[in-house]
Amino acid sequence: MQLIFTQAELRTYLTRSTESIGFVPTMGALHEGHLQLIRRARQENAVVVCSIFVNPIQFNNADDLARYPRTLEQDCALLEAAGCDVVFAPSAAEMYPSQPVLTFDFGTLERVLEGAFRPGHFNGVGIVVSKLFHLVQPTRAYFGQKDLQQCLIVRRLIQDLSFPIELVIAPTVRETDGLAMSSRNRNLTADERALAPFIQAELQGAKTALEQGTSPAEVKAQVREAFAAQPAFQLEYFEIADIETLLPLEDHQSGQPAALCIAVHLGKVRLIDNLLLTA
């Protein structure tokens, strides 16, 4: 496995390959969810590239950026075992020799849910993913459903900028107790980690209620009440949304696709999750 730090080195390496390239962009602190993406890319492509870059321009909270775990050596060992060929781990100065002035506007998709609470976040995602796509020129790019809104943003980016890339969205990988795997989970205290599965339990309960005909307004009220009774949590949002646009659904019919999306603070850690109702 090759560990590469510069854009020039990456281009030189990849120009040798005319075969299919599978690409898994990450911010490091890898877990089983990331590794499943790598293994799938290994099965479906001749070359597998993983980027590890904590992208500063997608953080609107300096403390969150400072706390984000950085474990490059451990990550590389996991990636090599999973069959990765190339790890691209640039510095911030390498990716941004100057502060970007280009901005993306993804319309209503970036103004709901994560976009509403993290202004500028998806502009940062759009810039870094575009740069990485140009550098790697992958055949397929692999993302996890846990970051559902990011997946939809990347899909729009691929469509609008005509990237010849197949977007592969893999199901959320969970711990045995239901907690969605996330690099941020390692920042939870032992007590917080024990409480964290409550998030998935509430999502499952909301999904069941919606499937049984409870209105979106009633389901959202029930979830808000449940979290209000748990002082360790601060609910940022819970929404029942259109699965394509993520705009709120005022009504829901049996069999209608929907996305149940949530963000909560548990201690100093912000966690997101979602469940999909499909037709």
Check whether any side-chain heavy atom of [X] sits under 4.5 Å from a side-chain heavy atom of [Y], and report yes or no.
X	Y	result
Lys268	Asn187	no
Phe104	Val125	no
Val154	Cys151	no
Phe238	Val264	no
Leu79	Val24	no
Leu132	Phe88	yes
Asn185	Leu271	yes
Thr26	Cys50	yes

What distance do [X] atom [atom1] and [Y] atom [atom2] have between them, rounded to the nearest 0.5 Å?
X	Y	atom1	atom2	answer
Leu277	Glu211	CG	CD	4.5 Å
Leu188	Leu179	CG	CG	7.0 Å
Leu275	Leu210	CG	CG	11.0 Å
Glu9	Leu14	CD	CG	11.5 Å
Leu249	Glu239	CG	CD	8.0 Å
Thr214	Lys207	OG1	NZ	14.5 Å

Quick one: closest heavy-atom pair of [X] and [Y], and the distance?
X	Y	value
Ala209	Gln222	CB-OE1, 4.3 Å
Leu135	Met95	CD1-SD, 4.4 Å
Ser51	Pro25	OG-CA, 3.2 Å
Gly107	Asp105	N-OD1, 2.8 Å
Val86	Leu10	CG1-CD1, 4.1 Å
Ala206	Val219	CB-CG1, 3.5 Å

ILVMFWY cluster, [X] and [Y] together (side-chain gap under 4.5 Å):
X	Y	result
Val128	Leu167	yes
Ile272	Ile240	no
Leu161	Ile165	yes
Leu109	Phe117	yes
Leu65	Leu72	no

For the pair Asp85 and Arg42, find out whether any cationic side-chain nitrogen is under 4.0 Å from an anionic carboxylate oxygen. yes
Would Arg118 and Glu236 pass as an ion pair if we require N to O under 4.0 Å? no
Stepwise, does the side chain to side chain donor-acceptor pair (under 3.5 Å) test hold for Ser91 with Glu94? CA-CA 5 Å; Ser91 65; Glu94 177 67 19; 5.3 Å; no
What ring-ring contact (aromatic ring centres under 6.0 Å, His included) pairs are there with at least one residue in residues 163-214, not counting sequence neighbours? Phe133-Phe163, His134-Phe163, Phe198-Phe227, Phe198-Phe233
Is there a side-chain contact (heavy atoms from CB on, under 4.5 Å) between Leu266 and Arg184? Walk through the geometry before answering. CA-CA 11 Å; Leu266 180 53; Arg184 288 180 168 86; over 6 Å; no
Looking only at atom types and distance, does a side-chain atom of [X] sit under 3.5 Å from a main-chain N or O of [Y], one as donor and one as acceptor?
X	Y	answer
Glu110	Phe106	yes
Asn60	His121	no
Thr139	Gly22	no
Arg70	Tyr68	yes
Gln149	Val112	yes
Asn45	Ser20	no

Going through the checks in order, is the side-chain contact (heavy atoms from CB on, under 4.5 Å) test met by Val49 and Ile21? CA-CA 7 Å; Val49 179; Ile21 298 174; 3.9 Å; yes
Restricting to side chain to side chain contact (heavy atoms under 4.5 Å, CB included), what partner residues turn up for Gln159, sequence neighbours left out? Arg155, Arg156
The side-chain contact (heavy atoms from CB on, under 4.5 Å) partner of Glu32 among Met181, Arg174, Glu175 is Met181
As a test of understanding, state which of Glu44, His34, Gln36 forms a side chain to side chain donor-acceptor pair (under 3.5 Å) with Tyr142. Glu44
Before giving the answer on side-chain contact (heavy atoms from CB on, under 4.5 Å), spell out for Leu246 and Leu148 the whole-Å C-alpha distance, their side-chain angles and the decisive distance to 0.1 Å. CA-CA 9 Å; Leu246 297 185; Leu148 175 64; 4.0 Å; yes
Hey, can you pull the donor-acceptor pairs under 3.5 Å for the side chains in residues 252-262, sequence neighbours left out?
from, atom 1, to, atom 2, distance (Å)
His252, NE2, Gln256, O, 2.8
Gln256, OE1, Gln253, N, 2.9

Check: Tyr96/Asn55 side-chain N/O donor and acceptor closer than 3.5 Å: yes
Between Arg40 and Val168, is a side-chain contact (heavy atoms from CB on, under 4.5 Å) present by the stated rule, with each step listed? CA-CA 10 Å; Arg40 181 167 175 180; Val168 181; 3.3 Å; yes
